Protein chains: 2
Amino acid sequence: MTSQSAVSQLASAMGQQPAPIYLRVKQAIITQIRAGHWQPHQRIPSESELVNELGVSRMTINRALRELTSEGYLVRMQGVGTFVAESKGYTAMLEVHNIAEEIALRGHEHTSRLLTLEEIQADGERLTMPGVAQGQPLFHSQIVHYEDGIPVQLEDRLVNPIMAPDYLKQDYQVITPYTYLMQVAPLSAGEHVVEAVMPDAFQQKTLMIDAREPCLLVRRQTWSGNHAVTGARLLYPGTRYKLLGKFRGHN
Amino acid sequence: MTSQSAVSQLASAMGQQPAPIYLRVKQAIITQIRAGHWQPHQRIPSESELVNELGVSRMTINRALRELTSEGYLVRMQGVGTFVAESKGYTAMLEVHNIAEEIALRGHEHTSRLLTLEEIQADGERLTMPGVAQGQPLFHSQIVHYEDGIPVQLEDRLVNPIMAPDYLKQDYQVITPYTYLMQVAPLSAGEHVVEAVMPDAFQQKTLMIDAREPCLLVRRQTWSGNHAVTGARLLYPGTRYKLLGKFRGHN
DNA sequence: GAGTGGTCTAGACCACGTG
DNA sequence: ACGTGGTCTAGACCACTCG
């Protein structure tokens with residue numbers, strides 16, 4: 001049987017003593033997968049088989065398999081069996097942080113200047129938000145964020161008045177819109193899009209850049225429960241701001 | 001005692017029957033945290049206290065606490081106790097995919113054109129890679145990727161010959177450098193930077209864009225084990241390509 | 001009905017941090 | 001010495017899938 005030889009390799013792959021058993025089981029299974037002895041979609045031995053082959057209690061085997069499942073190595077189906085997951089390769093991720101936090105983390109000073117804070121009407125085009133009908137009120141703010149006095153972000157934001165009725169009454173020298181909105185309407189989900197654009201005349205002036213400097217534009221829409229809370233257009237000068245990310249492989 | 005009242009609230013928060021016990025325990029604890037009854041850095045009842053208060057076996061309590069820890073809600077210290085983690089807010093992530101896969105997922109046709117495939121010498125400046133000394137050989141490739149015949153990415157790549165000695169012998173009409181490199185040197189870690197730049201004359205010509213169109217530049221460095229494998233500069237026309245991402249809150 | 005994973009228990013031993 | 005979390009076991013019952 002293929003599973004017989006595979007399991008005997010499994011047992012030998014569990015050599016080292018100092019680690020907890022469930023971890024050695026996990027490592028042994030990962031070894032089989034990495035070595036190609038167990039292929040994606042292939043069924044691996046059942047819990048009770050592993051109990052017999054490895055001489056370990058079922059709860060311990062179960063923990064190892066459960067953790068490997070949540071880590072994406074395995075797929076389990078009750079009544080059917082445990083299978084090697086499709087190789088995910090890797091997922092390269094970029095984190096997009098709150099600007100004030102990010103500047104603080106770099107040990108720099110964050111300041112901001114409020115350009116606009118007003119109530120407007122949704123026009124169904126650029127000034128709109130999911131769930132807010134045309135002609136309904138919206139809040140609008142424009143803020144420039146500075147890092148050690150240098151402008152690094154122009155934040156243009158629309159807010160759903162139903163979700164944050166006191167948005168216009170806040171002092172945005174003290175609290176950032178992001179922080180305030182997170183308090184009154186905790187984020188449940190969001191989407192964003194990153195693109196490269198050229199700044200218009202107003203943007204050039206506020207960010208103190210010239211007409212030839214490309215910018216990163218992050219458009220972000222966030223939700224609390226089933227309600228759209230806010231949509232933001234965050235514009236960064238290309239020469240002063242970059243998005244960083246690290247990633248790791250899975251298999 | 002504060003923990004006494006907190007625990008009695010805990011027990012009442014565990015109402016519903018149909019869910020497994022460890023899940024109800026998890027939900028009850030999350031409820032306490034969200035409601036603010038248990039604050040960040042505050043110690044929560046010990047496993048044995050929870051066993052007594054909730055009338056559940058310790059293994060079940062342990063599983064609930066262990067999972068909440070791996071999900072970022074709690075921090076545990078052996079010999080000390082279990083504490084509510086600092087609120088993470090959320091982490092907004094952008095996924096950066098393999099271009100060929102991404103185009104295929106959209107149901108479009110991916111083609112590519114090889115511009116350059118050569119051996120060069122590391123010069124310690126732009127042509128360099130961690131772990132490869134100046135004057136050592138490097139492989140260099142330039143490929144344009146097309147989506148339904150329209151150029152969407154210019155891939156400029158340096159490869160460590162030690163990690164992929166046969167890189168120059170591959171047919172990049174058949175396999176993408178990304179896919180080939182993942183096969184011979186499975187990725188273990190990577191970093192990337194996204195910025196907005198203006199294209200130079202060569203880039204304008206190959207991507208068929210005009211001089212005023214800003215581009216997204218993704219610079220990516222990947223490692224396999226402790227060895228740098230490849231560094232890539234991926235240039236996307238700003239009008240034809242955007243990075244998308246979704247995110248969800250944690251707490 | 002036989003085999004699978006999903007869960008739960010009671011009790012045990014250990015390593016660790018604190019007083 | 002004590003309480004904490006970390007782990008492990010043997011055995012149990014259940015829900016599910018499949019032939």
Side-chain angles (χ1 to χ4, degrees), chain A residues 1-4 6-7 10-11 14-29 38 41-85, chain B residues 1-4 6-7 10-11 14-29 38 41-85:
Chain A
M1 299 323 233
T2 84
S3 76
Q4 194 175 3
V7 167
L10 221 209
M14 272 191 48
Q16 336 171 35
Q17 273 300 332
I21 300 178
Y22 79 92
L23 255 187
R24 303 214 304 272
V25 173
K26 286 178 66 175
Q27 289 162 352
I29 291 172
W38 293 352
H41 300 102
Q42 182 181 331
R43 177 156 169 214
I44 77 169
S46 74
E47 293 195 352
S48 59
E49 283 171 339
L50 290 171
V51 165
N52 295 330
E53 298 292 343
L54 301 179
V56 173
S57 99
R58 193 182 150 214
M59 274 301 276
T60 302
I61 296 291
N62 179 268
R63 176 170 176 184
L65 296 182
R66 187 154 34 81
E67 292 190 0
L68 287 172
T69 300
S70 84
E71 290 162 19
Y73 289 98
L74 300 176
V75 174
R76 314 195 76 186
M77 280 178 290
Q78 193 175 87
V80 182
T82 302
F83 303 83
V84 177
Chain B
M1 293 326 199
T2 84
S3 77
Q4 193 174 5
V7 168
L10 221 209
M14 271 192 49
Q16 336 169 35
Q17 272 301 332
I21 299 178
Y22 79 92
L23 255 187
R24 304 213 304 273
V25 173
K26 286 177 66 175
Q27 289 162 352
I29 291 173
W38 292 353
H41 300 104
Q42 182 181 333
R43 174 154 172 217
I44 78 169
S46 73
E47 293 195 352
S48 60
E49 284 170 339
L50 290 171
V51 165
N52 295 330
E53 300 292 342
L54 301 179
V56 173
S57 100
R58 193 183 149 211
M59 274 301 276
T60 303
I61 296 290
N62 179 270
R63 176 170 175 183
L65 297 182
R66 188 153 35 81
E67 292 190 1
L68 286 172
T69 300
S70 84
E71 290 163 18
Y73 289 97
L74 300 176
V75 175
R76 313 195 75 187
M77 280 178 289
Q78 194 175 83
V80 183
T82 301
F83 304 82
V84 177

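In what follows, chains are A, B, ... by sequence order, proteins preceding strands, each numbered from 1. The structure presented is a predicted model; accordingly, all values stated were derived computationally and were not measured.
B:Ile29 has its side chain within reach of B:Leu65: a pair of non-hydrogen atoms, C-beta onward, lies under 4.5 Å apart. For the pair B:Val25 and B:Leu68, the minimum side-chain heavy-atom distance is 4.5 Å or more. Within the 4.5 Å cutoff, no side-chain heavy atoms of B:Val56 are placed close to those of B:Leu50. Annotation: side chain of A:Phe83 is in contact with side chain of A:Met77 (closest heavy-atom distance under 4.5 Å).
In terms of position on DNA chain D, the residue among A:Val56 and B:Gln78 whose nearest nucleotide sits closer to the 5' end is B:Gln78. Taking for each of B:Arg43 and A:Val80 the nucleotide of DNA chain D with the nearest heavy atom, the 5'-most of the two is the partner of B:Arg43.
Judged as a side-chain hydrogen bond (donor to acceptor under 3.5 Å, both in side chains), and not counting sequence neighbours, A:Arg43 has no contacts. Residues satisfying the side chain to side chain contact (heavy atoms under 4.5 Å, CB included) test with A:Ser57, not counting sequence neighbours, are A:Met59, A:Thr60. Partners of A:Thr69 by side chain to side chain contact (heavy atoms under 4.5 Å, CB included), not counting sequence neighbours, listed by chain and number: A:Leu74, A:Arg76. Considering only residues two or more places apart in sequence or on other chains, A:Arg66 meets the side chain to side chain contact (heavy atoms under 4.5 Å, CB included) condition with A:Asn62, A:Arg63, B:Arg63, B:Arg66, B:Glu67.
On the nucleic acid side, DNA chain D has its first and last nucleotide under 4.0 Å of a heavy atom of chain A at D:dT7 to D:dT17, going 5' to 3'.
Taking atom CZ of A:Arg76 as the reference point, atom P of C:dG3 lies 18 Å away to the nearest angstrom.
Using a 4.0 Å cut-off on heavy atoms, the residues of residues 58-70 of chain B that approach DNA chain D are B:Arg58, B:Met59, B:Asn62, listed by number.
Not one side-chain nitrogen or oxygen of A:Thr82 sits closer than 4.0 Å to the OP1 or OP2 atom of C:dT4.
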